[in-house]
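Take a look at the structure below.
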Amino acid sequence: MDTRNTKVMNRFDVTSRLIAKLKNEEAVIGGIGNTNFDLWAAGHRPQNFYMLGSMGLAFPIALGVALAQPDRRVFALEGDGSLLMQLGTLSTIATLKPKNLTMIVMDNGIYQITGAQPTPAAGIADLVAIAAGSGLTNSSWAADEDDFERLIDEALEASGPSLIAARIDDKPGVGTTRRDPVQIRERFMHGLGVREPL
Amino acid sequence: MAIAEQHNSPAQASSDKASADTTWHGIILQTLKRNEISLVPYVPDRVLTPLIKSLHADPFFTTFATAREEEAVGIVSGAWMGGRRGAVLMQTSGFATLANVLASLAVPYQIPLIMFVSERGTLGEFNYGQSLVCRTMRPVLDSLALEHHTITRLDELEFIVDRSIKQAVTTQAPVALILNPLLTGGKVFDK
Ligand SMILES: Cc1ncc(C[n+]2csc(CCOP(=O)(O)OP(=O)(O)O)c2C)c(N)n1
């Protein structure tokens with residue numbers, strides 16, 4: 001859309017930039033497919049959670065973590081196609097106003113992982129305008145990589161939920177998460193200090 | 001912790017209760033509290049209204065509407081992993097939207113998802129579609145071998161809810177507690 005004066009970035013690159021900024025055991029939820037593949041590829045951390053299904057639930061899962069641990073910053077990485085499946089959660093989050101939640105949307109305009117078909121929103125809907133219209137006033141497009149990093153810095157200090165959308169290219173994720181759901185969940189709980197290993 | 005409590009019989013369990021509220025919704029609220037379940041997202045149903053109202057009125061609970069039931073499942077799953085217990089309230093038709101999230105999140109990740117389902121579609125249903133949706137519920141639960149109980153009697157309610165919550169948590173497995181019209185009165189054609 002011409003209203004987005006934004007650079008086309010790369011999912012793995014912006015994910016790596018996010019991870020490099022996390023110094024306080026922040027939780028990160030990776031959505032189905034490429035968002036969690038690139039989270040994995042950016043280097044496993046005990047505070048990462050990788051979704052292997054449940055398309056569209058990265059933000060709700062992150063909201064749950066944020067409500068359980070209000071003193072920890074929580075980030076969620078979601079694809080544009082996935083977000084379209086669960087737009088109502090933007091209003092839920094806007095209503096609850098968690099202080100510690102940052103949502104990141106990777107907008108390539110396509111369902112990359114299933115064969116790069118355009119989403120129904122591609123070229124017509126503005127996801128940041130949808131988020132703002134859902135009540136998430138602190139929603140922005142990242143103009144370029146520096147702006148993305150600046151928006152992450154702001155989110156780390158914010159006193160309400162933030163949403164950052166990055167326009168990205170059509171590349172697939174660069175890694176493949178080990179598909180071991182029990183271990184993923186258990187290690188995440190260790191990483192959040194909820195449990196000790198046996 | 002609440003898990004250590006022993007109940008020898010449903011009758012004794014009720015007499016141990018501090019609250020004098022013996023409505024079905026009062027018993028569910030107290031049992032949630034006793035089991036430290038404080039996060040209760042829901043998509044409403046007429047029958048659930050008194051429970052939803054009393055949850056909102058009690059500051060122990062964080063309770064709110066979500067746009068979809070699977071969103072609520074995502075929220076309580078995240079909260080569980082973060083160390084906070086939750087439960088989801090829904091209608092039968094809401095349960096019918098959950099097969100994907102049960103099979104791809106709650107079951108494979110071993111999350112003790114606690115679901116309360118207000119049962120529409122039986123014992124006086126007046127909407128054909130509701131009665132058909134209802135028939136999909138138990139086959140879906142059974143296809144994933146999920147624990148589920150249909151609660152019809154007030155004197156069994158606390159025992160079933162309390163034991164099921166404890167079993168879900170200790171076995172790290174979902175449970176569906178189906179609130180039958182025999183318990184709640186259900187919804188009947190009145191206009
Ligand atoms: C409910 C549901 N419908 C469809 C699919 C198949 N599917 C898996 S990933 C995906 C596309 C995800 O698109 P997006 O979130 O934009 O990420 P991208 O692949 O572009 O990185 C689809 C359609 C699914 N897993 N679940």
Side-chain angles (χ1 to χ4, degrees), chain A residues 27-29 31-32 47-72 74 76 78 82-83 85-98 100-101 134 179-195, chain B residues 1 36-44 56 59-90 94 97-114 144 168-174:
Chain A
V28 185
I29 312 300
I32 190 171
Q47 294 80 26
N48 287 358
F49 180 77
Y50 310 93
M51 279 165 50
L52 302 174
S54 62
M55 184 172 170
L57 292 190
F59 291 176
I61 291 171
L63 171 62
V65 176
L67 292 172
Q69 300 206 350
D71 295 331
R72 186 189 300 274
V74 182
E78 189 68 297
S82 296
L83 176 59
M85 215 169 246
Q86 207 65 239
L87 288 176
T89 201
L90 298 174
S91 303
T92 307
I93 292 166
T95 299
L96 294 174
K97 300 184 195 63
N100 52 335
L101 178 61
S134 301
R179 293 183 179 88
D180 185 338
V182 170
Q183 196 171 173
I184 289 170
R185 194 259 312 135
E186 189 70 20
R187 295 204 56 182
F188 183 59
M189 292 176 81
H190 298 159
L192 296 190
V194 172
R195 287 188 177 171
Chain B
M1 237 178 54
E36 292 159 31
I37 293 179
S38 64
L39 188 68
V40 190
Y42 61 85
V43 177
H56 275 288
F60 174 81
F61 295 100
T62 303
T63 192
F64 52 89
T66 58
R68 289 184 66 76
E69 291 80 2
E70 63 172 351
E71 183 193 353
V73 170
I75 292 167
V76 298
S77 299
W80 164 257
M81 295 190 287
R84 182 168 178 183
R85 294 185 186 182
V88 179
L89 313 182
M90 70 194 87
T97 68
L98 294 185
N100 185 52
V101 71
L102 292 173
S104 67
L105 181 69
V107 175
Y109 288 84
Q110 294 184 357
I111 290 170
L113 168 67
I114 293 156
L144 291 166
V169 168
T170 51
T171 64
Q172 306 190 97

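Values below: all heavy atoms of this structure, side chains included; hydrogens, waters and symmetry mates excluded. Just so it is clear: chains get the letters A, B, ... in the order the sequence lines come, proteins before strands, and each one is counted from 1. Computed from a predicted structure; not experimentally measured.
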Could you tell me which of A/Arg72, A/Arg195, A/Met51, A/Met55 has the largest number of non-hydrogen atom pairs under 4.5 Å with chain B? A/Arg195
For the candidates B/Glu71, B/Arg68, B/Arg84, which exhibits the highest count of non-hydrogen atom pairs separated by less than 4.5 Å from chain A? B/Glu71
Segment of B/Gln172 engaging chain A (4.5 angstrom heavy-atom cut-off): side chain
Is the gap between the ring centers of A/Phe188 and B/Tyr109 under 6.0 Å? no
Among A/Leu67, A/Thr95, A/Leu192, the residue with the most heavy-atom pairs under 4.5 Å to chain B is A/Leu67
Comparing A/Gly88, A/Gly53, A/Ser54 against chain B, the one with the most heavy-atom pairs below 4.5 Å turns out to be A/Ser54
For A/Arg185, look at atom CZ and say whether over 12 heavy atoms of other residues, nucleotides or ligands are found less than 6.0 Å away. yes
Under a 3.5 Å distance rule, please check whether A/Gln47 uses its side chain to pair with a backbone N or O of A/Gly191 as donor and acceptor. yes
Sidechain-backbone polar pair: A/Asn100 side chain, A/Ala66 backbone, donor-acceptor under 3.5 Å: yes
Measuring heavy-atom distances to chain B, does A/Val65 have an atom under 4.5 Å in its side chain, in its backbone, in both, or in neither? both
Measuring from atom CZ of B/Arg85 to atom CH2 of B/Trp80, what distance do you get when rounded to the nearest 0.5 angstrom? 6.0 Å
Which one, B/Ala106, B/Ala67, B/Ala79, leads in non-hydrogen pairs under 4.5 Å with chain A? B/Ala79
Please classify the contact between B/Phe64 and chain A as side chain, backbone, both or neither, with a heavy-atom cut-off of under 4.5 Å. side chain
With only heavy atoms counted, which part of A/Phe49 is less than 4.5 Å from chain B, the side chain, the backbone, both or neither? side chain
Please look at B/Ala65 and chain A and tell me whether the side chain, the backbone, both or neither of the residue comes under 4.5 angstrom of a heavy atom of that chain. backbone
Nearest 0.5 Å please: distance from the CD1 atom of B/Ile75 over to the CD atom of B/Glu70. 11.0 Å
Assess, by modelled atom type and distance only, whether the side chains of B/Gln110 and A/Glu186 contain a donor and an acceptor separated by less than 3.5 Å. no
Which answer fits A/Ser91, side chain, backbone, both or neither, if we ask what part of it has an atom under 4.5 Å from a heavy atom of chain B? neither
Determine the option with the most heavy-atom pairs under 4.5 angstrom with chain B, choosing from A/Ile32, A/Ile29, A/Ile184, A/Leu52. A/Leu52
Mind checking whether A/Leu57 and A/Gln86 have side chains closer than 4.5 Å, heavy atoms only? yes
